[in-house]
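The block underneath contains the structure these notes are about, expressed in structure tokens.
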Amino acid sequence: MDFSKISVTILVKNAQKTLLECLESLKNFDEIILLDNQSDDDTLKIATNFKENFPNLHIYSSEFIGFGPLKNLALSYAKNEWILSIDADEVLESSFLEELKSLSLEKENILALPRKDLYRGEWIKACGWYPDYVYRLFNKTWTRFNDNAVHESLICQPNTKIIKTQNGLRHYAYDSIYGLLEKCQKYSNLWAQQNLHKKTSMSQAVIRSIWKFFRDYFLKKGIFYGYKGFVISFCNALGVFFKYAKLYELKRKIPTCSLIITTYNSKDCLKLVLESVKKLEFYPNEVLIADDRSTEDTAALIQEYQQNFPCPLKHIWQEDEGFRLSAIRNKAIGAAIGEYCIIIDGDMILEPHFIKDHLDFAKHKVFLQGSRIILDERS
């Protein structure tokens with residue numbers, strides 16, 4: 001494959017230890033899109049110095065909006081259709097470049113690269129870190145990343161073909177216990193906030209974490225890597241415990257919430273509303289489409305979104321017996337599982353903090369009403 005047809009995208013934050021080696025491994029590609037997430041070390045200085053000799057490095061910045069949205073933002077800056085997505089703590093092996101030259105790819109192909117995960121410089125072939133294939137080279141006209149705040153992934157559409165390469169990446173995963181614990185805390189926070197629609201308990205947190213340690217240390221052979229295998233397996237188990245324990249605490253503090261969206265034969269508007277729901281910082285426990293007699297194309301749209309929606313998406317429909325908006329709203333409220341119901345019309349685009357703001361002000365026996373910004377065609 002011709003390197004001049006590939007753009008590289010990198011998300012960076014405080015990557016001064018590994019960024020230069022990462023960038024050096026990417027010199028053969030047509031352009032590099034570097035999206036910085038508010039670094040406060042020498043990351044940007046290193047990138048700027050590199051750009052002096054490699055002008056096709058383009059540097060952008062953004063606040064943290066979730067890993068999936070950040071990676072899609074980086075895609076939007078790339079001029080080429082073919083994208084190599086790489087992290088700042090990864091180095092592309094020269095053997096992969098040679099292998100890539102011999103490949104002829106179709107738009108529907110995604111390359112899965114093998115990754116060597118290193119802890120304190122040692123390649124760990126255990127603890128669930130091996131084999132580690134990551135989807136990294138793809139055509140952005142065919143697929144994109146989902147909008148998950150954490151554990152983002154490429155969307156595999158029907159007819160997608162995954163091709164595993166022989167050569168890939170060297171990954172400087174962690175260089176200390178501190179790094180393992182720091183990432184564990186950050187990712188478990190994001191995961192808990194993203195998965196409020198899931199059920200959990202403290203017993204589930206304990207059982208899942210014990211099983212995770214047993215699997216990674218014994219079944220996944222961490223025991224053969226001395227103290228490193230134990231530390232990695234133990235921190236992996238802590239990560240699982242924190243995810244479910246934090247989710248348990250969040251769900252006890254925050255009332256369960258159902259978002260009800262009313263619609264009537266406005267498929268295009270509904271699609272925009274559902275896209276805005278996917279970009280929320282804080283998801284409701286479920287979304288119910290209160291459909292007052294729409295035709296089958298609305299049902300088809302909802303079924304499409306149900307396949308990859310961040311929370312349960314339900315279709316509540318009633319037959320065409322005239323305008324009965326109150327009836328379909330009541331029917332949706334009756335089907336809702338949430339303690340707190342938020343009702344919007346099917347042409348209202350939600351601000352990312354919409355649900356969280358509502359829940360922050362939620363009180364028993366209090367009805368909240370917000371205001372709208374009316375948009376015209378030019379807005």
Side-chain angles (χ1 to χ4, degrees), residues 10-22 24-25 37 39-43 46 67 86-96 112-136 150-153 164 166-192 200 202-249:
I10 316 174
L11 300 187
V12 298
K13 180 169 185 177
N14 294 340
Q16 63 181 17
K17 292 181 180 180
T18 58
L19 180 59
L20 183 58
E21 187 177 1
C22 173
E24 290 286 350
S25 72
N37 178 215
S39 295
D40 56 15
D41 63 358
D42 287 337
T43 293
I46 293 168
F67 287 109
I86 191 170
D87 293 335
D89 58 359
E90 297 172 339
V91 176
L92 201 64
E93 295 184 320
S94 58
S95 53
F96 170 76
L113 280 61
R115 186 167 64 169
K116 298 176 180 177
D117 295 304
L118 281 63
Y119 179 65
R120 295 182 64 83
E122 181 180 3
W123 182 11
I124 306 296
K125 300 181 185 179
C127 306
W129 285 12
Y130 179 85
D132 185 16
Y133 277 91
V134 286
Y135 296 177
R136 291 305 175 82
V150 65
H151 301 314
E152 74 291 346
S153 61
K164 291 185 176 181
Q166 295 296 315
N167 306 284
L169 303 160
R170 185 166 69 256
H171 179 211
Y172 294 105
Y174 305 98
D175 59 8
S176 67
I177 296 174
Y178 177 83
L180 277 164
L181 292 175
E182 184 179 41
K183 189 170 183 179
C184 167
Q185 290 287 6
K186 178 179 179 180
Y187 276 58
S188 59
N189 285 342
L190 292 170
W191 186 91
T200 188
M202 287 303 294
S203 60
Q204 185 182 35
V206 172
I207 292 170
R208 284 178 176 270
S209 62
I210 291 173
W211 166 245
K212 179 66 172 174
F213 177 80
F214 179 81
R215 186 183 69 174
D216 288 358
Y217 191 61
F218 293 105
L219 302 184
K220 297 288 186 178
K221 303 180 180 179
I223 193 172
F224 296 111
Y225 280 81
Y227 95 92
K228 294 179 181 178
F230 179 85
V231 166
I232 293 168
S233 300
F234 187 74
C235 288
N236 287 351
L238 277 179
V240 171
F241 175 79
F242 287 143
K243 284 196 309 184
Y244 287 94
K246 290 176 180 179
L247 176 60
Y248 177 75
E249 284 195 343

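Heavy-atom basis, side chains included; hydrogens, waters and symmetry copies ignored. No experiment lies behind these values; they were computed from the predicted model shown.
Of all heavy-atom pairs spanning Gly229 and Cys127, the tightest one is O-SG, 3.7 Å. Shortest non-hydrogen contact noted between Phe241 and Ser209 is CB-CB, 3.7 Å. Closest non-hydrogen pair, Tyr119 versus Ser176, comes out as OH-C, 3.5 Å. Contact record, Pro114 with Gln166: CG-O, 3.7 Å, taken as the closest heavy-atom pair. Heavy atoms only, all atoms of each residue included: Lys13 and Ser39 are closest at CA-OG, 3.2 Å. Counting all heavy atoms, side chain and backbone alike, Trp123 lies closest to Arg115 at NE1-O, 4.5 Å.
By the 4.5 Å heavy-atom criterion applied to side chains, Val240 and Trp211 are not counted as neighbours. By the 4.5 Å heavy-atom criterion applied to side chains, Leu219 and Phe214 are counted as neighbours. Phe242 places a side-chain heavy atom less than 4.5 Å from the side chain of Cys184. Between Tyr225 and Ile232, every side-chain heavy-atom pair lies at or beyond the 4.5 Å cut-off. Annotation: side chain of Leu11 is not in contact with side chain of Asn37 (no heavy-atom distance under 4.5 Å). Within the 4.5 Å cutoff, the side chain of Asp87 has heavy atoms near those of the Arg136 side chain. When side chains are defined from C-beta on, Lys243 counts as touching Ser188, because their heavy atoms get closer than 4.5 Å. Side-chain contact check for Asp117 versus Ile124: every heavy-atom pair is 4.5 Å or farther apart.
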Residues Leu19, Asp42; criterion side chain to side chain contact (heavy atoms under 4.5 Å, CB included); working and verdict: CA-CA 10 Å; Leu19 180 59; Asp42 287 337; over 6 Å; no
Using the rule given for side chain to side chain contact (heavy atoms under 4.5 Å, CB included), can you reason through Leu169 versus Val91, listing the C-alpha separation, both sets of side-chain angles and the distance that settles it, and then say yes or no? CA-CA 6 Å; Leu169 303 160; Val91 176; over 6 Å; no
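Taking the centre of each ring, Tyr244 and Trp191 come in below the 6.0 Å mark.
The distance from the SG atom of Cys235 to the NZ atom of Lys183 is 12.5 Å, given to the nearest 0.5 Å. Remark: Met202 CE to Leu247 CG distance equals 11.0 Å, nearest 0.5 Å. Note that the CG atom of Asp132 and the CG atom of Leu113 stand 10.5 Å from one another [nearest 0.5 Å]. Summarising the geometry, atom CD belonging to Glu182 is positioned 11.0 Å from atom OH belonging to Tyr187; distances are rounded to the nearest 0.5 Å.
Residue Phe234 qualifies as open at atom CZ: its count of foreign heavy atoms under 6.0 Å is 12 or below. Shown here is Leu118, whose CG atom has more than 12 heavy atoms of other residues, nucleotides or ligands within 6.0 Å. Within 6.0 Å of the CD atom in Glu249, the count of heavy atoms belonging to other residues, nucleotides or ligands does not exceed 12. In Tyr227, the OH atom is crowded: over 12 heavy atoms of neighbouring residues, nucleotides or ligands sit closer than 6.0 Å. Heavy-atom neighbours of Phe224 CZ from other residues, nucleotides or ligands within 6.0 Å: at or below the threshold of 12. More than 12 heavy atoms of other residues, nucleotides or ligands lie within 6.0 Å of NZ in Lys228, so this atom counts as buried by the packing criterion.
Ser233 places no side-chain N or O within 3.5 Å of a backbone atom of Phe230 that could act as its donor or acceptor partner. With hydrogens and angles disregarded, a donor-acceptor distance shorter than 3.5 Å links the side chain of Thr43 to the backbone of Ala15. Asn14 places a side-chain N or O within 3.5 Å of a backbone atom of Asp40 that can act as its donor or acceptor partner. At distances below 3.5 Å, not a single donor-acceptor pair connects side-chain atoms of Glu152 with backbone N or O atoms of Phe67. Here the side chain of Tyr130 pairs no donor or acceptor atom with the backbone of Lys220 at under 3.5 angstrom.
Residues forming a ring pair (Phe, Tyr, Trp, His ring centres under 6.0 Å) with Tyr174 (at least two apart in sequence, or on another chain): Trp129. Partners of Asp175 according to the salt bridge (Lys or Arg N to Asp or Glu O under 4.0 Å) rule, which considers only residues two or more places apart in sequence or in another chain, are Lys17.
A donor-acceptor contact closer than 3.5 angstrom links the side chains of Tyr172 and Glu21.
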